[in-house]
Amino acid sequence: MEGREDPYPRYRRLREISPLVRADDGALVVTRHADCVAVTRDPRLGHMPSHMIDFVSPGWRDHPALRQLFTSILTMNPPDHTRLRRLISSSFTARRVQALRPRIAEMVGDLLVRMSGEVDFIEAFAFPLPVNVIGELLGVPEPDRAQFQGLVRDWTQVLEIITPEVLATADPAATTIREYLSGLAAERRRKPADDLISALVLAEEDGDKLTDDELLTMAGLLFAAGFETTTNLLGNGLVALLRNPDQLALLRKDSGLAPGAVEELLRYDSPVQLLSRVAWDDVEIAGVRISGGERIVAYLGAGNRDPERFPDPDRLDLTRSDNAPLSFGGGIHYCVGAPLARLEAQIALPALVTHFPELAFVGEPEQRDSLAIRGYTKIPISAA
Ligand code: HEM
C-alpha cells in the first residue's frame with residue numbers, strides 16, 4: 001500500500017468505500033474498528049499452518065529469519081500457542097514488570113541528563129531506554145545491547161513484503177541474534193541469575209518445559225518486540241506531541257494525565273499498523289461471506305481512527321476518555337509486553353517534556369520505510 005508517510009487519509013477512503021477491500025496481493029483488508037476487533041477474536045481465523053506456509057513460502061525452513069518468525073508464538077495456533085503462552089506468562093508476570101518501575105525511572109533520569117543541545121531523539125532516548133529495559137529484564141549484558149538495533153531492524157523486515165533482497169539481510173541478522181542468545185542461555189543454564197532468560201530456562205507448568213529451540217525463539221521474539229515497538233511508541237508519541245503543542249502543554253502541566261495520554265498516543269499513531277490472519281473455514285467478516293483459505297489483514301491503524309468508535313478521530317486529545325486503542329491487538333495473541341511498553345512510556349514521556357521546557361524540532365523527522373511497523377529512524381530535536 002502507498003501513503004506510508006501519512007497513511008491516515010488513505011485509510012479513511014478505504015473505510016468509506018467498503019468494509020472489506022481486496023488488496024493487490026489478494027488479501028482481504030478490513031479498516032473499521034469493529035471488524036478489526038472481530039478479526040483478532042474470531043476462533044475461525046488464525047495463522048497459516050505449516051503446510052500452507054510451505055505452499056506460500058517454499059523453503060522457509062532454510063531461512064533463519066523466516067524460521068524464527070514462523071515457529072514463534074506470534075504466528076502459532078492452539079494448542080501449541082496455548083502451551084507456549086502459558087509458559088511465557090508464568091515467567092513474564094505483572095509483578096516482574098511493576099518491579100521495574102524504579103529502575104525505569106532511574107534509566108529515564110540518566111538519559112535525560114545526558115541529552116543536551118541538538119540530538120537525534122531516537123538515538124539519544126527512544127532506542128536506549130527500551131533496549132536497556134528489556135536487556136536488563138532478559139539478562140543481556142549492557143555492552144552487548146547496542147548491536148541489536150540494526151540486527152532487529154534487519155530481521156523484522158520480514159514482517160513487510162518478503163523478497164530475496166530482504167532475506168539476504170534478514171537471515172544473517174536472525175542467525176547472529178540466535179547465536180548470541182544461545183550462548184547466553186547456556187551460561188544461565190550453568191549458573192541461573194535473577195533474569196527472564198533464567199526464568200525461561202527454569203519455566204515449568206504442570207511438568208511441561210520449553211525445549212532449547214523454543215526457548216531461543218521466545219527469547220529472540222521478546223528481545224526484538226521488547227524494544228523495536230516501544231522505541232516507535234516513544235518516537236511517534238513525541239512527534240505527535242510536538243505537532244500538537246496544546247496537548248504537549250497539557251502533559252507538561254499535569255503528569256497525572258500520563259496513563260490516558262499514552263493510550264491516546266498509541267491510538268493516534270500506532271507502532272504496529274496491521275496484523276494478518278487466515279480463515280480456516282468459511283466465515284462472515286464485515287458482513288461478507290468469505291471462504292476458508294482467504295488471507296485477511298486488519299489495519300489496526302485505520303480502526304484506531306474510525307469515527308464510529310472514536311469521535312473526531314484525527315484529533316489528538318490526551319484527555320479523551322474511552323480511548324482503548326487496538327494497537328496491542330486482541331484475542332489470544334494480545335501483546336504479552338503491553339504492560340511493560342505502557343509503563344515505560346508513562347514514565348518517560350512526562351519526564352521528557354517537563355525536563356526540557358523548550359523541546360522543539362530542529363529538522364524534519366525521518367520515517368522508517370515500512371508499513372506494518374510504523375516509526376522514525378531519526379527525530380532531530382533541541383533538548384533545551
Ligand atoms: C508499544 C509497544 C508494542 C506494541 C504496539 C505491540 C504490539 C503487538 C501486537 C499488535 C501484537 C499482536 C500481533 C497479532 O495478533 O498478530 C503483539 C504481540 C506480541 N507482543 Fe507486542 N507490542 C509492543 C510491545 C511489546 C513488548 C515490550 C514486548 C515484550 C517485552 C512484546 C511482546 C509481544 C509478544 C511475545 C507477542 C506475541 C503474543 C502472542 O502471539 O500470543 N510486545 N504485540
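Both ligands and their constituent atoms are indexed starting at 1 by order of listing.
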Under a 4.0 Å N-O cut-off, is there an ion pair linking [X] with [Y]?
X: Arg32; Y: Glu308; answer: no
X: Glu187; Y: Arg190; answer: no
X: Arg101; Y: Glu106; answer: no
X: Asp212; Y: Arg189; answer: yes
X: Asp62; Y: Arg67; answer: no

Quick one: nearest non-hydrogen protein atom to [atom], plus distance?
atom: atom 14 (C) of ligand 1; result: Arg277 NH2, 3.4 Å
atom: atom 40 (O) of ligand 1; result: His333 ND1, 2.6 Å
atom: atom 7 (C) of ligand 1; result: Ser327 O, 3.4 Å
atom: atom 35 (C) of ligand 1; result: Leu221 CD2, 3.7 Å

In ligand 1, which numbered atoms sit nearer than 4.0 Å to a non-hydrogen atom of [X]?
X: Leu74; value: 13 (C), 18 (C), 37 (C), 40 (O)
X: Ile332; value: 41 (O)
X: Leu233; value: 1 (C)
X: Ile134; value: 30 (C)
X: Arg85; value: 38 (C), 39 (C), 41 (O)

Could you tell me whether ligand 1 has any atom less than 4.0 Å away from a heavy atom of [X]?
X: Thr230; value: yes
X: His81; value: yes
X: Phe92; value: yes

Considering the options [options], which one meets the side chain to side chain contact (heavy atoms under 4.5 Å, CB included) requirement together with [X]?
X: Pro271; options: Leu234, Leu266, Leu300; answer: Leu266
X: Pro307; options: His33, Arg15, Arg12; answer: Arg15
X: Arg85; options: Ile332, Asp80, Val336; answer: Val336

- Query: Do you know how many protein N, O or S atoms are within a distance smaller than 2.8 Å of atom 21 (Fe) of ligand 1?
  - Reply: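 Step by step: take atom 21 (Fe) of ligand 1, keep protein N, O, S below 2.8 Å, and you get 1.
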
- To the nearest 0.5 Å, tell me how far His333 NE2 sits from Ile73 CD1. 8.0 Å

- Can you tell me if Asn304 and Tyr268 form a side-chain donor-acceptor pair at under 3.5 Å?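 Distance-only check fails for Asn304 and Tyr268.
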
- Indicate whether the side chain of Asp317 and that of Thr319 have a donor and an acceptor atom separated by less than 3.5 Å. yes

- Ring centroid separation His81 to His47 under 6.0 Å: no

